[in-house]
Amino acid sequence: MTTSPTHLALLTLALLAVFLIALLAAVTAGLLARWDGASAPAALLRAGIAFGGALTLLIAVLALVAGTLT
């Protein structure tokens, strides 16, 4: 089965959007933790947890959508 360049471009854009949304969630979580009085390492840890969780969830949703469309 061959994949058209259009499908590959859309998949690349979707992955980029997922990564950027997860990064935005991480930055938000880190800033909120820091404003709440957490130390810098604790805020980074919370940002990393938020990034990993958001990325996992969004990749799972993307896989579900891609599976239903094909």
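Just so you know, these numbers come straight off a predicted model, no measurement behind them. Values below: all heavy atoms of this structure, side chains included; hydrogens, waters and symmetry mates excluded.
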Quick check for you: to the nearest 0.5 Å, what is the distance between Leu11 atom CG and Thr6 atom OG1? 12.5 Å

Looking at CZ of Arg46 and CG of Asp36, how far apart are the two atoms once the value is rounded to the nearest 0.5 Å? 6.5 Å

Between Ile59 and Leu15, is any pair of side-chain heavy atoms under 4.5 Å apart? yes

Tightest non-hydrogen contact, residues Ala47 and Ala29, listed as CA-CB, 4.4 Å

Write out all pairs satisfying ring pair (Phe, Tyr, Trp, His ring centres under 6.0 Å) with one or both partners inside residues 31-66, taking only residues at least two apart or from two chains. Phe19-Phe51

Does Arg34 reach the main-chain N or O of Ala38 with its side chain, forming a donor-acceptor pair under 3.5 Å? yes

Taking a hydrophobic cluster as the set of Ile, Leu, Val, Met, Phe, Trp and Tyr residues connected by side-chain heavy atoms closer than 4.5 Å, whether directly or through intermediates, do Ile21 and Leu62 fall within one such cluster? yes

Show, in sequence, the C-alpha distance, side-chain angles and deciding distance for Val61 and Val18, and conclude whether the side-chain contact (heavy atoms from CB on, under 4.5 Å) test is met. CA-CA 10 Å; Val61 169; Val18 162; over 6 Å; no

